[in-house]
Amino acid sequence: MSLLEMKNIVKCFGPVKALDGVSIRLEKGEILSLCGENGSGKSTLVKVLCGIYPHGEFEGTITYNGENIQPKSIADTEALGIAIIHQELTLVKELSILENLFLGAELTKYGLLDFELMHYEAELLLKKVKLSVSPETKVEDLGVGQQQLVEIAKALSKNAKLLVLDEPTAPLTESETDILLELVKDLRSSGVSCIYISHKLGEVKAISDQICVIRDGTHIGTRKAAEMSTDDIITMMVGREMKQLFPKEPHDIGEVVLEAKNINAWDKANSSIPKVRNASFILRQGEILGVSGLVGAGRTELMECLYGCYQGKHNGTFYLNGEVLSCSSSRDALNAGIAMVPEDRKRHGIVPIMGVGQNISLAGIDQFQSLGFLDESAEANAIDDSIKKLTVKTPNAEIAIKNLSGGNQQKAILARFLMINPSVLILDEPTRGIDVGAKYEIYKLMFQLVKKGISIIMISSELPEVLGISDRVLVMHEGRIKGDLINENLSQEIVMDCALSEGEVA
Ligand SMILES: Nc1ncnc2c1ncn2[C@@H]1O[C@H](COP(=O)(O)OP(=O)(O)OP(=O)(O)O)[C@@H](O)[C@H]1O
Ligand SMILES: [Mg+2]
């Protein structure tokens, strides 16, 4: 008997058919991955399973442990041992780990809160997820990866038999990812089943027993992971063979447009910790400059200094077209023709309840205004154009952006910054959480931009991506620029060696 069977699930949002008859089956102690492009219906399927979309709001049946279940809420499915960890973290940041673990399920003795017992249980749970911090630590003092582990500990505290992870590793560093994947495998050995969603296909292949591919809400196929290559997964996802992941196009590179000289920056909270150390670099017109390095190398801080939005102490000089550039806000930077698409698009990017279109035109609204009037039709045309160009999957431009799938929200934010026609565009992890097909579209768009003479700085932790599309690569490590390499015959090994080498670029 299978642990779980979902049969012919159909789920609509108004006119949008997010799921059109999807079926999956999961055995005890098995890991099933869901793969599909942005907006294909992965998150919707697991939300149906977890009672977030209650019984009655979808068609089809769910059998769990041989019984037909009709959950009305997430509490119903938690009681059955099904736990979901969402694309967005849901911990209360101001509370401690312990308080989060037992929130709403506090342990009591004689009607009083039993702190000793909770502390003991919390320590056991933290040990299970290999997190060596005190249960009294505030969640906001933890890194994203550690918070993710607390989420899992919380699920385990509820005796989860089936764990659902929706893109758990998108914000994690490589070592945090390894810890998480090991943990999921350990749980499998102890009989816990898992539904896993990720756009990192290498990871998916390594961890799964079965892989199920969904496209446009329909079930394309489920196969044994061992029998599939990542190319097979991609072909099933996009419905055609993708011969090339990086559509590199020849383009002219001109004079130096931007120069950074001796940039230093210190930690926002503790100004004695250096984050960027004496970094200098140049950027030429029409160039794609890749900035590689591990998470924490100081890449984002360096670019935030340029963009005028770094919150901590910093110094050094930037020159734009030979003139000193001093931006004390991102507004200044935008006026100077510099745009930056932030890494954490959820936090710094979207206005959730505003329409997709409004979110897109937010920064570029000035260009549609004259004499105090807004040219609404020009704005609407530009919005439609962006939606098409970036293939943002949305029923219309008016729907609140929070209703779009995670990846499509990201594309909309990217569209926003492209609308202001910058001369220097900084992209911080532009393809995180974005599916392979859409990545390809974004790269193609980047080449269109550099052909128009725009210069691009791309921070990316994905080395294949950095090597696949950059003209030149800056390698950062612990705040220093360790390498400035022309991207000819570069390999991942050369870049890694350079990051860890002694010395630095003069
Ligand atoms: N609350 C909602 N209201 C309207 N439409 C929705 C809502 N939630 C999801 N959709 C739509 O349903 C489709 C499937 O979305 P879903 O979030 O399941 O995609 P996904 O496969 O998880 O994508 P991603 O990889 O980007 O996270 C999308 O077209 C999305 O816009
Ligand atoms: Mg999703």
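Everything numeric in this text was worked out from a predicted model, so none of it was measured.
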Short side-chain to backbone donor-acceptor contact, Q367 and G364, under 3.5 Å: yes

Neighbour count above 12 (heavy atom, 6.0 Å) for K393 NZ: yes

Whether over 12 other heavy atoms sit under 6.0 Å from K28 NZ: no

Short N-O contact, R223 and D209, less than 4.0 angstrom: no

Side-chain ion pair, E151 and K154, N-O less than 4.0 Å: no

Reported CE-to-CG distance for the pair M237 and L201, which is rounded to 0.5 angstrom: 5.5 Å

Evaluation steps, side chain to side chain contact (heavy atoms under 4.5 Å, CB included), between L4 and I195: CA-CA 11 Å; L4 171 77; I195 296 180; 4.0 Å; yes

Side chain Y64, main chain L80, donor-acceptor under 3.5 Å: yes

Salt bridge present between K7 and E59 (N-O < 4.0 angstrom): no

K47/D166 under side chain to side chain contact (heavy atoms under 4.5 Å, CB included): CA gap, chis, key distance, verdict: CA-CA 10 Å; K47 285 180 186 167; D166 194 352; 5.6 Å; no

I353 atom CD1, over 12 foreign heavy atoms within 6.0 Å: no

Close aromatic pair by centroid cut-off 6.0 Å: F13 and Y53: yes

Distance-minimising heavy-atom pair for N38 and D435: N-OD2, 2.5 Å

Close side-chain approach of I97 and T137, heavy atoms under 4.5 Å: yes

Over 12 non-hydrogen atoms of neighbours within 6.0 angstrom of CE in M354: yes

Side chain T391, main chain K388, donor-acceptor under 3.5 Å: no

Nearest heavy atoms of V184 and C194, plus distance in Å: CG1-SG, 3.9 Å

From S361 atom OG to R416 atom CZ, the distance as rounded to the nearest 0.5 Å: 9.0 Å

Rounded distance [0.5 Å steps], CD in E116 versus CG in L107: 12.5 Å

Under 3.5 Å donor-acceptor, N408 side chain and L404 backbone: no

Salt bridge present between D232 and K205 (N-O < 4.0 angstrom): no

Distance-minimising heavy-atom pair for L425 and F417: CD1-CB, 4.4 Å

Short side-chain to backbone donor-acceptor contact, T218 and I214, under 3.5 Å: no

OG1-CG distance between T63 and N68, expressed to the nearest 0.5 angstrom: 5.5 Å

Any residue meeting ring pair (Phe, Tyr, Trp, His ring centres under 6.0 Å) with F246, in chain and number order, not counting sequence neighbours: Y443

Test salt bridge (Lys or Arg N to Asp or Glu O under 4.0 Å) applied to K130 and D186, step by step: CA-CA 11 Å; K130 301 189 182 114; D186 284 355; 3.0 Å; yes

Least distance between heavy atoms, Q409 atom then I401 atom: NE2-O, 3.3 Å

Partners meeting side-chain hydrogen bond (donor to acceptor under 3.5 Å, both in side chains) with T222 (sequence neighbours left out): H219

E30 vs S193, side chain to side chain donor-acceptor pair (under 3.5 Å): CA-CA, chis, key distance, verdict: CA-CA 5 Å; E30 189 177 62; S193 306; over 6 Å; no

Shortest non-hydrogen contact between I233 and V213, atoms and distance: CG2-CG2, 4.4 Å

Sidechain N-carboxylate O distance under 4.0 Å for K17, D20: yes

Chi angles and distances behind the side chain to side chain contact (heavy atoms under 4.5 Å, CB included) call for M458, I469: CA-CA 10 Å; M458 176 185 72; I469 65 162; 3.8 Å; yes

Side-chain donor or acceptor of N359 paired with backbone N/O of V351 under 3.5 Å: yes

Nearest-0.5 Å distance, NZ of residue K444 to CG of residue L390: 12.0 Å

H119 and E136 side chains, donor-acceptor separation under 3.5 Å: yes

S40 and E37 side chains, donor-acceptor separation under 3.5 Å: no

Any side-chain donor near an acceptor of the partner, D428 and T300, under 3.5 Å: yes

Test item: N100 side-chain N/O and V92 main-chain N/O as donor-acceptor pair under 3.5 Å: yes

Steps toward side chain to side chain contact (heavy atoms under 4.5 Å, CB included) verdict (I85, Q148): CA-CA 8 Å; I85 291 164; Q148 194 73 266; 3.3 Å; yes

Inter-residue atom distance D471.CG - K248.NZ, 0.5 Å rounding: 5.5 Å

Check: I220 main-chain N/O paired with R215 side-chain donor or acceptor under 3.5 Å: no

R25, CZ atom: more than 12 neighbouring heavy atoms under 6.0 Å: no

Test item: side-chain donor near acceptor, E203 and Y196, under 3.5 Å: yes

D178 side chain to L181 backbone, donor-acceptor under 3.5 Å: no

Heavy-atom pair with the smallest gap, counting every atom of I197 and P168: O-CD, 3.4 Å

Any donor-acceptor N or O pair under 3.5 Å, side chains R299, S461: yes

Test: E249 and K451 ion pair at under 4.0 Å: yes

N/O donor-acceptor pair under 3.5 Å between S470 side chain and L467 backbone: no

Side-chain donor-acceptor pair present, S460, E465, cut-off under 3.5 Å: yes

Residues, nucleotides or ligands: over 12 heavy atoms within 6.0 Å of K158 NZ: yes

E57/K11 ion pair, N-O < 4.0 Å: yes

